[in-house]
Amino acid sequence: MTEPEQSTRGDSTGETGIDEAMIERLVRAFYARVRNDDLIGPVFAARIVDWEPHLTQICAFWSSVVLKSGRYSGRPMAKHLPLPVDARHFDRWLALFEETARDLCPPAAAARFTTHAKTIAESLELGIATHNGRLLMRGERYRMGTGG
Ligand code: HEM
């Protein structure tokens, strides 16, 4: 009674129809495209040896974000800080994500995923810039190798 958030197995968010199965389909299709991408594929290939545990974590992450299931308890910012990525990589990541969500999900669900992805990507890009000694102004993008 007091913990409604805990019982989300197979639950869906009413208006969008998002449930755990949709999240898993989206995550698998998205990372299949990511792995084939010439810009961001190599960044993942250099760090992820075994994809199944990664995909499990990412499904738990999206379940926590969208279904509020509390299944994910990692620290995504810390994992991204050392990565050699900037605005170009985030733009590609988002373009692939948006395209995959549009291909696989009903419009309201795709919009929901994409809105969250954009906010999180923006915060990761900001964190990475700061980690590399760049303080971004509002709306400014992080470009690697452009000095302080
Ligand atoms: C430039 C774009 C991105 C690249 C190249 C990238 C790459 C990576 C890599 C290589 C890892 C594994 C790190 C490790 O285990 O040491 C990782 C983890 C993760 N990524 Fe990203 N990422 C990007 C953007 C995003 C965005 C926008 C999100 C969310 C919307 C996201 C969500 C996650 C999460 C949740 C994890 C951690 C999973 C865990 O706890 O093990 N990533 N990412």
Side-chain angles (χ1 to χ4, degrees), residues 5-6 8-9 11-13 15-147:
E5 305 290 341
Q6 293 299 310
T8 50
R9 258 189 319 254
D11 274 15
S12 65
T13 59
E15 337 83 78
T16 61
I18 297 173
D19 61 7
E20 297 283 358
M22 189 190 292
I23 289 173
E24 180 162 358
R25 282 196 301 277
L26 172 62
V27 166
R28 288 190 176 278
F30 171 60
Y31 285 96
R33 294 183 194 193
V34 161
R35 293 170 76 171
N36 274 324
D37 185 79
D38 57 351
L39 180 64
I40 62 174
V43 180
F44 286 88
R47 283 160 190 83
I48 296 175
V49 181
D50 187 354
W51 273 88
E52 275 309 310
H54 183 66
L55 296 178
T56 301
Q57 283 290 84
I58 298 291
C59 286
F61 170 78
W62 278 108
S63 164
S64 284
V65 170
V66 178
L67 301 179
K68 309 272 184 278
S69 67
R71 291 212 295 115
Y72 178 75
S73 58
R75 297 173 56 218
M77 182 62 84
K79 300 225 163 191
H80 294 86
L81 292 181
L83 298 181
V85 295
D86 69 2
R88 285 184 317 138
H89 300 84
F90 279 103
D91 286 349
R92 182 69 62 87
W93 192 104
L94 279 170
L96 286 178
F97 188 83
E98 212 166 342
E99 173 192 293
T100 314
R102 249 198 337 259
D103 287 350
L104 265 71
C105 308
R112 183 81 175 272
F113 281 119
T114 302
T115 301
H116 283 295
K118 281 183 178 154
T119 308
I120 298 162
E122 194 179 337
S123 126
L124 291 175
E125 188 178 325
L126 204 63
I128 290 169
T130 306
H131 182 72
N132 287 288
R134 287 283 316 280
L135 280 180
L136 300 184
M137 306 294 284
R138 187 185 292 273
E140 192 187 353
R141 306 296 308 275
Y142 173 52
R143 310 274 171 201
M144 287 191 287
T146 53

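Whatever order the structure lists ligands and atoms in, that order sets their numbers, starting from 1. Predicted model, so just to flag it, every value in this text is computed and none were measured.
Given atom 36 (C) of ligand 1, the protein heavy atom at minimum distance is Ile58 CD1, 3.7 Å. Remark: minimum distance from atom 40 (O) of ligand 1 to any protein heavy atom is reached at Tyr72 OH, 2.7 Å. Of the protein's non-hydrogen atoms, the one nearest atom 16 (O) of ligand 1 is Lys79 CD, 4.2 Å. From the protein, the heavy atom lying nearest to atom 17 (C) of ligand 1 is His80 NE2, 3.6 Å.
Atom CZ of Phe61 and atom CD1 of Ile23 lie 10.5 Å apart (nearest 0.5 Å). One distance of note links CG of Asp91 with CD of Glu125; it measures 7.0 Å at 0.5 Å rounding. The CZ atom of Phe113 sits 10.0 Å away from atom CG of Leu104, with the distance rounded to the nearest 0.5 Å. Atom-to-atom distance recorded for Tyr31:OH and Leu26:CG is 9.5 Å, nearest 0.5 angstrom. The CD1 atom of Ile120 lies 10.0 Å from the NE2 atom of His80; values are rounded to the nearest 0.5 Å.
None of Leu67, Val27, Ile18 except one satisfies the side-chain contact (heavy atoms from CB on, under 4.5 Å) rule with Trp62; the exception is Val27.
Heavy-atom distances between Ile40 and ligand 1 stay at or above 4.0 Å for every pair.
Side-chain contact between Cys59 and Arg71 is present, with heavy atoms from C-beta onward closer than 4.5 Å.
The atoms of ligand 1 that sit less than 4.0 Å from any heavy atom of Trp62 are 30 (C). Ligand 1 places these atoms under 4.0 Å from at least one heavy atom of Ala121: 27 (C). Heavy-atom contacts of Val43 reach the following atoms of ligand 1: 5 (C) (cutoff under 4.0 Å).
Between Arg75 and ligand 1, not a single N/O pair is under 3.5 Å apart.
Phe44 has its ring centre no less than 6.0 Å from the ring centre of Trp93.
With atom 12 (C) of ligand 1 as the reference point, the heavy atom nearest to it among His54, Lys118, His89 is part of His54. Here the shortest heavy-atom distance to atom 29 (C) of ligand 1, taken over Val85, Ile128, Ile120, Asp37, belongs to Ile120. The option from Tyr31, Trp93, Phe44 that lies nearest to atom 7 (C) of ligand 1, judged by heavy atoms, is Phe44.
The local environment of CD in Glu122 is sparse, with at most 12 non-hydrogen atoms from other residues, nucleotides or ligands closer than 6.0 Å.
When non-hydrogen atoms are compared, ligand 1 lies under 4.0 Å from the backbone of Phe90 as well as from its side chain.
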